[in-house]
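Here is the structure we will look at.
To find a chain, count down the sequence lines: A is the first, B the second, and so on, and within it residues start at 1.
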Protein chains: 2
Amino acid sequence: MNATEALKKLSDVSMEGLCGSILERHRETVRVQKPHIAISKLVLIIEATLKLSSRQSFHATSLRQISEESGVSMGSLYSYFDSKDTLLLMILDQVATTTTNILGNPPEEVLAKPLNHLRWLIETHVELTDAMLPWFNFAFLEAKSFPRFGRKAAIESEEASERIFREVIEKGVQQACFVVEDPAFAAALVKPLLQDWYVKRSKWRRRGINAKEYSTRVKNFVEKALSVNAAT
Amino acid sequence: MNATEALKKLSDVSMEGLCGSILERHRETVRVQKPHIAISKLVLIIEATLKLSSRQSFHATSLRQISEESGVSMGSLYSYFDSKDTLLLMILDQVATTTTNILGNPPEEVLAKPLNHLRWLIETHVELTDAMLPWFNFAFLEAKSFPRFGRKAAIESEEASERIFREVIEKGVQQACFVVEDPAFAAALVKPLLQDWYVKRSKWRRRGINAKEYSTRVKNFVEKALSVNAAT
DNA sequence: ATAAAAAAATCGAGCGTTCGCTCAATTGTG
DNA sequence: CACAATTGAGCGAACGCTCGATTTTTTTAT
């Protein structure tokens, strides 16, 4: 895979792209051989899962419902995962992976100035969660109710994305573009602002706020709270 | 009930006080006559429900588990509610009621200055969610996955508490203590900051942040974002 | 004060249903 | 015709919920 393909893949948030990534990561659990068949069926299964789980919880969603909604029979479902928990994990993992991949690879031109980097992070986070809305809603709702292994993974994912924000704020403080006493705390407060965009999406839709407006206002709010020195 | 009792009751966030309030609101569903028996059993049932639902979701928690954890038999449980959905509703309603009651009744001395009012709201919200941590965690996690009737109630409760913040910010803008272009938007951003305190409590505990520190820092962050004019 | 009667509260086995999951049989594919 | 992929009836287990039997508490009669 060359650099262009890698980049293309990095930012492919289509259902096919995301399910392709899921297939790679669970190659030995998926018993279907041909990738193009596996991916197209995974798309159907995960679309159905996200749709049904947005109305009721994942736990309340039965595999029979997923089977009916996706058009994949009960038996076939188990060629794509070995348990309902694995299906949950596939989706949660993919959200975490995509988030880290995208937010962790900013374009070079924003890296020089922490303010630009911060703005890019906010814009990109809003755009990403917009493009993958059902995925992020699902992950937010189901990560907490997840027992054993997934809990730890959810915490790590949460901390990974918080660290990205903390580092840019710390750098900004060092370069005197931001004035804030505790960068870690500030970063921890930016996250819920961005989460609100997809968690309470219907509220924002009702108020006629779109993605661009939302990220503009969050940037505004955060920059004031960070006492931004615009000159730097 | 005289004023003192009303006030005492208003701020009684003990398990007994909260379950007493639940009993009042569901008097015809609870088939047990004597209030002291009903309340003491409701305490056991709801304590067990909150405890079990914090590990797994409410949906994943069975009534047999609640029966075992609370020491109340399966049959007896149904003397206190007529369905599992009603038990869920009892808890969600109580959280909404308590929040509105407490945040909607600030002491008179803070009403003169919007800044003081805002500070009181933030402090009180943090204290309240601290005192009722399992309740708020439960409400946050389960409100979304709630079908039909509860969904609307959850939205209304959310908007009620957001309105309280919006009104104080609007008043502050009129009196020129705050400078912010859209009070409704600012209020909408304050809420998730306060929610983070109980939603991701284990994170804050791990970092050694207590309630007082948290509310101090949130006040700091918000006041900067609102461009507070301290003189007013 | 005590026993009998009435009422209130508790109990858990059992009902019908649905769940996650399996597998022998069937269908599609190169 | 070998192999990949799909199917859905059927399995045991667990679910929400009910109800007649039982225990506990309160009231009444003596």
Nearest-angstrom distance from the residue atom [atom1] of [X] to [atom2] of [N]:
{"X": "Gln56(A)", "N": "dC19(C)", "atom1": "CD", "atom2": "C1'", "value": "13 Å"}
{"X": "Lys34(B)", "N": "dT24(D)", "atom1": "NZ", "atom2": "P", "value": "17 Å"}
{"X": "Glu68(A)", "N": "dG20(C)", "atom1": "CD", "atom2": "P", "value": "14 Å"}
{"X": "Leu63(B)", "N": "dG16(D)", "atom1": "CG", "atom2": "P", "value": "5 Å"}
{"X": "Leu44(B)", "N": "dA9(C)", "atom1": "CG", "atom2": "C1'", "value": "14 Å"}
{"X": "His36(A)", "N": "dG28(C)", "atom1": "NE2", "atom2": "C1'", "value": "12 Å"}
{"X": "Arg31(B)", "N": "dA8(C)", "atom1": "CZ", "atom2": "C1'", "value": "11 Å"}
{"X": "Asp85(B)", "N": "dC17(D)", "atom1": "CG", "atom2": "P", "value": "7 Å"}

message: Please verify the inter-ring angle class for Phe185(A) with Trp204(B); under 30° counts as parallel, over 60° as perpendicular, anything in between as tilted.
response: tilted
- request: Over 60° means perpendicular and under 30° means parallel, so classify the ring planes of Tyr198(B) and His125(B), tilted if in between.
  value: parallel
Residue whose closest nucleotide on DNA chain D lies nearer the 5' end, Ala60(B) versus Ile37(B): Ala60(B)
query: Any side-chain heavy atom of Leu141(A) sitting closer than 4.5 Å to one from Phe58(A)?
result: no
Side chains of Asp196(B) and Lys203(B) in contact at under 4.5 Å (non-hydrogen atoms): yes
- prompt: Checking all strands, does Thr86(A) fall into the base, sugar-phosphate, or nothing category for heavy-atom contacts under 4.0 angstrom?
  reply: nothing
message: If you take any heavy atom closer than 4.0 Å to DNA chain D, which residues from residues 70-84 of chain B end up in contact?
response: Met74(B), Gly75(B), Tyr78(B), Ser83(B), Lys84(B)
task: Could you tell me whether Lys219(B) and Glu123(B) have a side-chain N and a carboxylate O separated by less than 4.0 Å?
output: yes
- prompt: Does a side-chain N-to-carboxylate-O contact under 4.0 Å join Glu162(B) and Arg207(A)?
  reply: yes
query: When rounded to the nearest 0.5 angstrom, what is the spacing between CZ in Phe140(A) and CD in Gln195(A)?
result: 5.0 Å
field: Residue mapping more 5' on DNA chain C - nearest nucleotide basis, Lys41(B) or Arg64(B)
entry: Lys41(B)
